[in-house]
Amino acid sequence: MAGKFDVKGSMVALITPFKEDGSINLDKLEELLEFHIEKGTDAILVLGTTSESPTFTAEEDFEIVKRSVEVCKGRIPLMANAGSNCTRTSFEKAKRFADAGVDSLLCISPYYNKANKTGLYHHIADVADSVDIPIVVYNIPGRTGINIPLDVMTKLAGHPNIAGVKEASGDMSYVAKLAKATMDMDFNIWSGNDDITVPMMALGGAGCISVWANLQPEKTVEMTHSFLEGNVQHAIDMQLEYMDLINDFFIEVNPIPIKEAMNLAGMEVGGFRMPLREMTDENRQILKAEMQKLGII
C-alpha cells in the first residue's frame, strides 16, 4: 500500500476557470496553480465540488488532471477527486488519475442513490484497495443526503490506504467523536468548512481543504500554520476576523460567490456552467461590501 497523505495546513479546493464560450481555460488553470505554489498553499485539490466537476466530461476531467500534474509534480502535493455515486465510475477515475501521477484521491460517499453501511464502506475501501496512492474520504451530507456513520468512518480510518477525511458535515459533536475514535490511528481530519477550521483543529484537525483559499491563500496558510505552531490566539483572531467574508462565500450555492469574489478582485476566472448562474445583484453587493471592508478590493 501507498504511504499516507500527511499534509498539514491549508489545501485549496480549486475552482475551474472558464473561457467566454464555457470551455475550460487551461492556461488560467496553470496560472492559478502557480499562484498557489507561490503563496505557500500546502496542497491542491482539483475536480472537487468547488470546481464544478459534475458538469465535466471524462476527457475534461483528465485534461485538468494532466495539466495539474504537469505543473505541480514535485512542487506541491496534488489531490484529484475521483468520487462518484457509481462505484464502477469511481474505480475508473481513481485508476486513471493515479496513473496520471496525482499524489492522492478524494472519494465521496454515494449521493442520490446513497447506500447502506456495508455499501458505504466498500464504495470507498474497495477503491482504496485498487490504487497505490492514498485516499481521502469526503463526508458532506449537505450534498450527498447522508452523513457517514461514525462506525463506518472509524472502520475506514483503519484501512492502510486511507489517509483521512475532508469533513464537511458541520457537526462539531460528530467531529469530536471521530477525533476520539481515531486518535491512535494514522488518520487526518481536514475541515471542509471554512467557518469552523480553527475549532476543528482544536480537536486535532490537520487543517483545511478550503474554498476561501481560492481568493486569499496566504490568509488560510497563516491561520492554519499559526495554530500548528502554537499561536492559537492569532488563529482564533483570524477565524473571527474573516467570518463574515467566509459566510458570504456561501450566501449562494458554492462556487458562485467565490468565483464572483475572484472576478471582483481582478483574477478573471470566468463564469459558470449551468445549472449555476451569476449571483443576484443584492448578494453581489453584500459580498463586494465585505471585500471592500477588508481591503481586498
Side-chain angles (χ1 to χ4, degrees), residues 1-8 11 13 43-49 51 53-54 56 58 61-62 64-66 68-69 72-73 77-141 143-169 174 177-179 181-190 192 206 209:
M1 285 295 170
K4 290 292 187 179
F5 186 73
D6 193 28
V7 173
K8 301 290 197 296
M11 290 187 266
I44 294 172
L45 165 65
V46 294
L47 301 181
T49 306
S51 78
S53 59
F56 298 165
D61 281 344
F62 191 67
I64 289 173
V65 167
K66 182 180 177 184
S68 299
V69 169
C72 295
K73 198 66 177 175
L78 178 67
M79 183 190 304
N81 173 31
S84 173
N85 63 336
C86 172
T87 307
R88 180 180 295 177
T89 300
S90 194
F91 263 95
E92 292 169 354
K93 286 184 177 183
K95 291 177 179 178
R96 193 176 192 195
F97 298 166
D99 288 345
V102 302
D103 299 294
S104 66
L105 297 165
L106 187 71
C107 288
I108 196 168
S109 59
Y111 41 89
Y112 186 69
N113 50 353
K114 303 184 182 180
N116 61 10
K117 284 187 176 184
T118 304
L120 267 174
Y121 176 77
H122 284 285
H123 178 75
I124 296 168
D126 289 2
V127 173
D129 286 336
S130 72
V131 294
D132 291 323
I133 58 174
I135 300 292
V136 174
V137 183
Y138 190 12
N139 186 39
I140 182 166
R143 295 268 185 178
T144 64
I146 186 168
N147 193 40
I148 299 176
L150 186 64
D151 58 340
V152 175
M153 187 68 82
T154 304
K155 187 177 179 183
L156 288 167
H159 190 289
N161 208 34
I162 292 180
V165 60
K166 179 184 179 186
E167 167 47 40
S169 70
Y174 176 90
K177 291 171 184 174
L178 178 60
T182 60
M183 62 189 300
D184 295 324
M185 299 181 184
D186 189 9
F187 184 79
N188 286 311
I189 301 173
W190 293 281
I209 302 178

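The shortest distance between side-chain heavy atoms of Ile162 and Phe187 falls below 4.5 Å. The closest side-chain heavy-atom distance from Leu47 to Phe97 is below 4.5 Å.
Listed by chain and number, the residues in a side-chain hydrogen bond (donor to acceptor under 3.5 Å, both in side chains) with Arg143 amount to none (sequence neighbours excluded). Residues passing the side chain to side chain contact (heavy atoms under 4.5 Å, CB included) test with Ser90, sequence neighbours excluded: Ser84, Cys107, Val127. Annotation: side chain to side chain contact (heavy atoms under 4.5 Å, CB included) contacts of Asp151 (sequence neighbours excluded): Lys117, Pro149. Every residue meeting the salt bridge (charged side-chain N to carboxylate O under 4.0 Å, His left out) condition with Lys73, not counting sequence neighbours, appears here in chain and number order: Asp103. With sequence neighbours left out, Lys93 forms a side-chain hydrogen bond (donor to acceptor under 3.5 Å, both in side chains) with no residue at all. Here Ala43 pairs with Phe5, Val7, Met11, Pro77 under the side chain to side chain contact (heavy atoms under 4.5 Å, CB included) rule; sequence neighbours left out.
Environment of NZ in Lys8: crowded, with over 12 heavy atoms of neighbouring residues, nucleotides or ligands closer than 6.0 Å.
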Check the pair Ile124, Tyr121 against side-chain contact (heavy atoms from CB on, under 4.5 Å), reporting the backbone distance first and the verdict last. CA-CA 6 Å; Ile124 296 168; Tyr121 176 77; over 6 Å; no
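Across Ala115 and Gly119, no two heavy atoms sit closer than the pair CB-C, 4.0 Å.
Each of Asn85, Thr87, Thr118 was scored for a side chain to side chain donor-acceptor pair (under 3.5 Å) with His123, with one residue passing: Thr87.
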